[in-house]
There are 2 protein chains.
Amino acid sequence: MNNFDLNKYFFEHNLKPTPQRLTIAEYLLNTTSHPTAEEIYQAVANKLPMPISLATVYNSLEVLVKVGIIKEVFTEPNKVRYDKNITNHHHFVNTQTGEIIDVEPYELLSEQLVENYLLKNPKQKFKITNYHITFYGELVE
Amino acid sequence: MNNFDLNKYFFEHNLKPTPQRLTIAEYLLNTTSHPTAEEIYQAVANKLPMPISLATVYNSLEVLVKVGIIKEVFTEPNKVRYDKNITNHHHFVNTQTGEIIDVEPYELLSEQLVENYLLKNPKQKFKITNYHITFYGELVE
DNA sequence: ATATGATTTAGAATTATTCTAAATATAGAA
DNA sequence: TTCTATATTTAGAATAATTCTAAATCATAT
Ligand SMILES: [Mn+2]
Ligand SMILES: [Mn+2]
Ligand SMILES: [Zn+2]
Ligand SMILES: [Zn+2]
């Protein structure tokens, strides 16, 4: 999504395209990393001509999640990360660096995963609406 | 693991079997839920003859994790839960109640999952050491 | 220009967790 | 047993992430 699309998207979702929101959205759309609110705050503070508050970063992230431009990711305790990749996908955590990398889903496995759940938990009558896999591992030398 | 095993386990791991630790461990071993530190604190405070502090709950949980009697689980933002099930397994989150249910792993899928990761990320040279699936869903009427 | 409502802001409040330093308990030695 | 060394517990302070509050500012429509 480029800057033009962003303005359009904001308009279509009744979001005022304020410099703060636009800069936060732009920052996220231009990184493959999964930054925290604090990291976004630091990066965006350096780009904006005016100052920005951390509250605005949290407020903006909330509305960007709400309109579906970004998603939240929980891979670690006590830390929320934000993700421009809004497709269904999974994450690989490099346990040496903390880096989080997107993993594309393998849809052929989905059915088997869900079937396995039903097999292993025959008493429970639940419907699985989605699932998320966190892979952990290390760089191979 | 019964009370006898617990004393033995503590002894073997050089953990003094204090009433606080024993009661916390017992509480966890006798529930299939995945309680938070606060929930454990409330439950254990009611069982112990002497008062207990929240700091002791956190300290005890830390050593119980360290010696491998329990595991930490991260399924929600900003909340750590504790799990007596120390085997490799996954979790189903009932999005209506927040209840967390164990899901046994399907080892036949592991290989395919890891293969898929390598296929979809051919440039990255990482070794996957483990992975965790969080299923989300609802009760079916 | 003015009003209205949305947005931003600083700072206070909240929640989960960790730290600190003193008090107490445990286990082993004497 | 008592003593002693060390481990554990504790209350409360500190920290980190996030949310809340209420005032200031901004944008848009009259
Ligand atoms: Mn927390
Ligand atoms: Mn947090
Ligand atoms: Zn992602
Ligand atoms: Zn579990």
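For clarity, every value in this text was computed on a predicted model and none was experimentally measured. The sequence lines fix the lettering, A, B, ..., with proteins before strands; numbering per chain opens at 1.
- Between A:E39 atom CD and D:dA16 atom P the separation is 15 Å, expressed in whole Å.
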(request) Quick one, give me the B/S/- string for nucleotides 19-30 of chain C, reading 5' to 3', where B means a protein heavy atom under 4.0 Å from the base and S means that only happens at the primed atoms, P, OP1 or OP2. (result) B------BS---

When the side chains of residues 59-68 of chain A are checked against the rest of the protein, which donor-acceptor pairs come out under 3.5 Å, sequence neighbours left out?
unit_1, atom_1, unit_2, atom_2, d
A:N59, ND2, A:A55, O, 3.3
A:S60, OG, A:T56, O, 2.8

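- Taking B:T95 as the reference, nothing meets the side chain to side chain donor-acceptor pair (under 3.5 Å) condition, with sequence neighbours excluded.
- With rounding to whole Å, B:K79 atom NZ is found 12 Å from D:dT19 atom P.
- Cluster partners of B:V93, using a side-chain heavy-atom cutoff of under 4.5 Å among ILVMFWY residues and allowing indirect links, are B:I100, B:Y136.
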Show me, pair by pair, the donor-acceptor contacts under 3.5 angstrom made by side chains of residues 12-22 of chain A, not counting sequence neighbours?
unit_1, atom_1, unit_2, atom_2, d
A:H13, ND1, A:Y9, O, 2.9
A:T18, OG1, A:R21, N, 3.2
A:R21, NH1, A:K16, O, 3.1

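- Remark: A:H90 engages A:V103, A:P105, A:Y131, A:H132, A:I133, A:F135 in a side-chain contact (heavy atoms from CB on, under 4.5 Å) (not counting sequence neighbours).
- Within the 4.0 Å cut-off from OP1 or OP2 of D:dC26, not a single side-chain nitrogen or oxygen of A:Q20 is found.
- Side-chain proximity of A:S60 to C:dT17, C:dT8, D:dT9: nearest is C:dT8.
- Here A:Y58 reaches the OP1 or OP2 of D:dT18: one of its side-chain N or O atoms lies under 4.0 Å away.
- Remark: side-chain polar atoms of B:E39 are paired, donor with acceptor, to backbone N or O of B:T36 under 3.5 angstrom.
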